Amino acid sequence: MKALIDKDRCTGCGTCVDVCPVGAISMLDGKAEVSDDCTLCGMCVDSCEFGAISLPEVGTGPSKEQETYQGIWVYAEWKHGSIHRVSFELLSKARQLAEKKKVPVGAVLIGYKLDGLEKELFSYGADIVYVVDHPALAHFTDEAYGNVLAFLAKQYRPEILLAGATSIGRSFIPRVAALLRTGLTADCTDLDINDDGLLVQTRPAFGGNIMASILCPYGRPQMATVRPRVMQACQLLEPRQGAIEKVSIPEHLLKSRVEVLEETISEGPSASLVEADVVISGGRGLKKRENFKMLEELARLVNGAVGASRGAVEAGLADPSQQVGQTGRTVAPVLYMAVGISGAIQHVVGMQGSKIIVAVNKDPEAPIFDICHYGVVADLFEFIPEFIKRIKEACGDFKN
Amino acid sequence: MHIVVCVKQVPETQNVRIDPTTNTLIRQGVASILNPFDHFALEAAFRIKDMNRESVKVTVLTMGPPQAKEVLVDALSRGADHAVLLSDRAFAGADTWATSYTLSAAIRKMGDVDLVICGKQAIDGDTAQVGPELATLLDIPYATYVSRIEFVEPRVLKVIRQTDEGTALWKIPLPALLTVLKDVGRLRVRSYRATLRARRYDITVWDAADLGLSENTVGLKGSFTQVIKVFSPQRAKERVMIEGSVQEQAARLYELLKEQGVPGL
Amino acid sequence: MEYFLTEEQKLLQEIAYEIVRERIRLVRAELDEKEEFPWEIMKDLAQADLFGIWIPEAYGGLGMGILENCLVVEQLARGCIGIATTFAASGLGAYPIILFGSEELKRKYLPPIARGEKLAAFALTEPGAGSDVSAIRTRAVRVGDEYILNGTKQWITNGGEADIYSVFAITDPTKGPRGASCFVVEKGDPGFSFGKKEQKLGIRASATRELIFNDCRIPKERLIGREGMGFIIAMKTFDKSRPGIGALGVGLAQEALDISVEYARKRIQFGKPIISFQVIQHKLADMATKIEAARSLIYSAARYLDSKADPPDASKIAAMCKIFASDVAVQVALEAVQILGGYGYMRDYPVEKLLRDSKILQIYEGTNEIQRNIIGQELNKEYGRIKETFIK
């Protein structure tokens with residue numbers, strides 16, 4: 001199995017040779033030749049402007065029942081009595097996708113004491129809500145929740161199943177995919193329907209250095225997870241009422257070998273990091289831990305949270321729980337301010353989904369300026385106090 | 001006790017990027033490394049072994065081309081007892097399902113596995129799916145994002161998981177699978193004795209036939225998802241540099257953000 | 001240059017240098033500034049199996065010799081000799097037990113030292129006895145099945161942090177040099193306590209403390225060898241360990257040279273990198289040549305000392321290693337500061353620490369002046385035995 005070269009289309013330009021990360025392509029008699037080292041990663045396909053490269057098709061063809069799968073489902077993440085915002089964002093997206101395919105949108109609610117929560121799901125576009133309400137599901141466990149969602153999907157056969165890539169979603173949705181023997185694409189930044197009616201899943205790879213588009217042609221349902229704040233939640237203007245289907249699940253599926261002993265909500269600085277609308281992040285440029293107080297003040301003024309780069313955490317300037325980046329948290333707030341952060345790719349990966357990125361750095365060559373929306377080349381020790389002053393002036397001192 | 005640590009050899013991703021003008025990959029001598037998140041999986045296993053050297057054995061397992069032996073030798077040099085490479089041309093193009101399927105066949109073949117430990121995710125795929133999928137295929141309980149592991153009984157663990165809002169304390173019986181975070185500890189240095197042993201160690205290599213897997217169930221043929229296109233991410237279309245004195249910059253930035261409706265301002 | 005090392009020897013170098021690159025260089029400035037003991041690095045060295053280099057395999061060590069020890073400490077010295085001294089001093093403290101300890105003592109103390117679980121220390125120096133070791137006054141009196149120790153030791157490396165101490169005390173004041181003995185004292189033995197931690201010019205990560213023996217009672221089995229063997233044990237131990245001090249010097253000097261050459265290539269003045277100027281080239285040439293000479297001396301000497309059980313000129317050779325390499329280290333470090341100029345003086349850059357650290361190499365484990373006495377006296381003896389004449 002390796003990438004296929006259409007020799008008629010190949011012009012021998014050699015672009016693909018440089019693109020291959022494992023060096024599997026070489027030129028032979030003026031045409032590209034792929035060796036057995038090919039890992040089928042797909043990098044070369046798009047690099048060929050002549051369309052001469054393709055990958056062999058995945059899988060072994062459609063199953064007999066493929067046609068019977070219909071509808072777009074969203075897993076509505078319930079925890080401690082409320083539904084996670086990402087579920088509404090996904091429902092809005094599902095509505096869009098459903099318009100293209102002319103199919104209904106379903107939401108799945110799993111938990112305990114769920115009465116009344118369906119209303120919100122309808123208001124974001126669900127046509128039908130499947131409810132599984134049971135004391136055994138009062139606390140999340142991968143095993144039970146996974147069994148339940150897989151059971152429902154097997155029974156009702158949605159063609160597409162979406163879920164939020166939260167710590168819960170990233171943990172149990174792969175289990176659902178494995179139980180259903182189907183494909184899953186995690187952390188999608190975009191979803192669309194192509195001309196063949198298939199879900200096109202777009203996500204970052206190689207630490208965010210490239211974007212990949214992925215298809216699941218034969219597995220059903222086609223599954224994808226999406227991080228919070230990537231999609232827009234749009235509440236429907238007209239209130240509507242959909243159908244509610246209460247499903248009872250065979251007892252043995254509700255069992256979990258894992259026992260939840262305790263769940264704690266941390267009060268610390270990171271608690272609000274992932275949820276905040278505004279994140280002010282500090283890097284090594286802050287030099288001392290006390291200097292983070294300046295960022296804390298700014299964050300307080302705008303009801304935001306304080307994050308940090310890995311460099312700042314390693315230098316002891318901030319808590320590891322505040323770290324934003326590949327080995328820290330991923331955030332996508334409305335406003336992300338990178339203060340005294342150089343912008344190494346591992347940090348950028350953790351915040352590039354932010355709506356507005358502002359970079360403050362005294363080095364005009366800092367890579368952070370390549371990815372920001374607004375750049376301020378200034379000494380942060382002068383700029384931040386000025387910025388704080390400006391906000392206070394605008395809002396009056398009672399904000400303190 | 002037999003612990004299996006699943007690892008992956010990955011390209012060093014900081015050097016993989018696309019030239020935005022030509023949309024082609026710039027490959028600056030990309031080195032292959034042991035997936036950084038797998039470091040912690042190895043350390044977690046070694047710390048369990050520290051507590052009971054006699055009765056704990058650690059096997060490091062990977063699916064990859066013959067070159068992937070390098071990461072197995074590295075793991076052996078730090079204290080792993082055994083190493084197994086799953087290598088077959090038929091494994092190429094595997095998505096997370098096919099990878100998990102192949103790994104599960106290997107673990108089943110080993111027979112006596114008590115604990116499987118994986119890193120949180122691989123830095124090339126970034127999906128974090130293989131751990132949970134593998135556990136599901138093996139039909140064993142699992143816990144992800146584990147920051148601390150404690151033995152409460154010989155065959156029962158207590159683990160602390162990191163969640164978006166805080167932590168959770170779970171009790172989990174063996175056999176089980178864990179995916180771990182850097183909190184479990186920094187990977188230890190290479191040991192002299194272990195490195196000498198690693199150099200002479202005969203790594204077990206299994207192919208599809210050894211695992212009893214037909215070619216339709218592994219690699220690209222055995223996968224469900226496929227990358228059809230790769231492109232460079234769109235950077236901020238218009239970057240605005242705010243000029244002037246510090247006062248002017250602060251005022252202008254405030255204006256711009258307020259215009260955009262940033263909450264809190 | 002090729003030193004014709006075996007695969008095992010090269011691996012020891014590799015592993016030690018990996019620890020320098022991945023661990024030591026990251027923390028050395030902070031440990032120096034805070035005068036903090038390098039426990040984490042000791043753990044890394046233990047995990048790397050390096051603590052057992054010259055402990056026999058029967059007791060869990062690698063059973064290797066002086067050369068292997070030198071290879072490892074040279075690499076560690078490229079990181080920090082405060083840390084390397086901590087490591088080497090543990091080997092020094094174990095050596096009396098290895099050389100002359102009873103089977104029981106070896107079985108009890110060597111395995112945990114080999115595993116890096118416990119550190120050792122060597123306690124000879126006293127306030128009134130530095131170079132003049134015969135002036136030690138700590139007394140050990142045999143009472144029934146115990147020895148009772150009274151006295152103080154000064155400037156003991158790893159004092160307070162180590163668990164196992166090789167302590168030299170006078171058992172018979174009438175016998176002069178044959179009246180001293182060596183004992184194993186453990187942290188926690190009744191009557192054994194520590195004084196304050198010293199603040200030093202350099203090797204600040206290394207802990208240096210006073211040991212206080214106040215009717216300290218230890219079982220008689222803790223005697224190493226026999227009563228009266230004290231100074232023999234000390235001298236034989238130094239014959240083995242002094243090349244290692246030389247190796248510390250070589251490693252430190254190498255680090256200084258590496259930094260200097262890199263700096264000289266990058267620093268542009270008058271439109272050129274300063275390495276284009278002859279003055280700098282000559283400085284670097286002399287530094288590099290001295291390091292190569294020191295290294296070659298140490299490696300040759302170590303091979304020689306390992307090849308025979310008790311070479312008659314062991315003391316002379318060991319002393320030569322120590323003085324030559326330590327003098328080179330100080331000279332090279334001084335020159336490195338000069339080459340880096342202002343940057344060499346600033347704490348932000350690592351060379352000022354190299355200079356501060358290097359000085360101790362000429363002082364501890366026998367001052368260079370005493371070493372030169374040893375060499376001079378040996379030459380006198382040797383030539384007394386030679387029949388050949390060189391003067392016409």
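Each chain gets a letter, A, B and so on, in the order the sequences are listed, and its residues count up from 1. Source: prediction; values computed, not measured.
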>> Shorter than 4.5 Å, heavy atoms on both sides: which option in B/Thr167, B/Leu157, B/Thr127, B/Val159 has the most such pairs with chain A?
In response: B/Thr167

> If you take all heavy atoms of B/Met241 and A/Val377, which pair is closest and at what distance?
Replying inline: CE-CG2, 3.5 Å

>> Please classify the contact between B/Ile140 and chain A as side chain, backbone, both or neither, with a heavy-atom cut-off of under 4.5 Å.
In response: backbone

> Where does A/Ile356 contact chain B at under 4.5 Å (heavy atoms): side chain, backbone, both or neither?
Replying inline: side chain

>> Please classify the contact between B/Arg252 and chain A as side chain, backbone, both or neither, with a heavy-atom cut-off of under 4.5 Å.
In response: neither

> How far apart are the closest heavy atoms of A/Val278 and B/Pro263, and which atoms are they?
Replying inline: CG2-O, 3.6 Å

> Got a salt bridge between A/Arg257 and B/Asp139, using NZ or NE/NH1/NH2 to carboxylate O under 4.0 Å?
Replying inline: yes

> Can you tell me if A/Ser167 uses its side chain to pair, donor with acceptor, with the backbone of B/Asp164 under 3.5 Å?
Replying inline: yes

> Which residue out of B/Lys182, B/Lys120, B/Glu215, B/Arg89 racks up the most heavy-atom pairs below 4.5 Å with chain A?
Replying inline: B/Arg89

>> If I measure from the heavy atoms of chain B, does A/Thr202 come under 4.5 Å with its side chain, its backbone, both, or neither?
In response: side chain

>> Can you tell me which portion of A/Pro385 sits under 4.5 Å from chain B's heavy atoms? Options are side chain, backbone, both or neither.
In response: neither

> With respect to chain A, which residue among B/Val156, B/Ile172, B/Leu257, B/Leu134 yields the maximal number of heavy-atom pairs within a distance under 4.5 Å?
Replying inline: B/Leu257

> For the residue pair B/Tyr254 and A/Phe387, what are the closest heavy atoms and their distance?
Replying inline: N-CE1, 3.8 Å

> Looking at B/Thr144, B/Asn216, B/Leu253, B/Thr96, which has the largest count of heavy-atom pairs under 4.5 Å with chain A?
Replying inline: B/Leu253

> Based on non-hydrogen pairs under 4.5 Å, which of B/Gly244, B/Ser100, B/Gly166 is most in contact with chain A?
Replying inline: B/Gly166

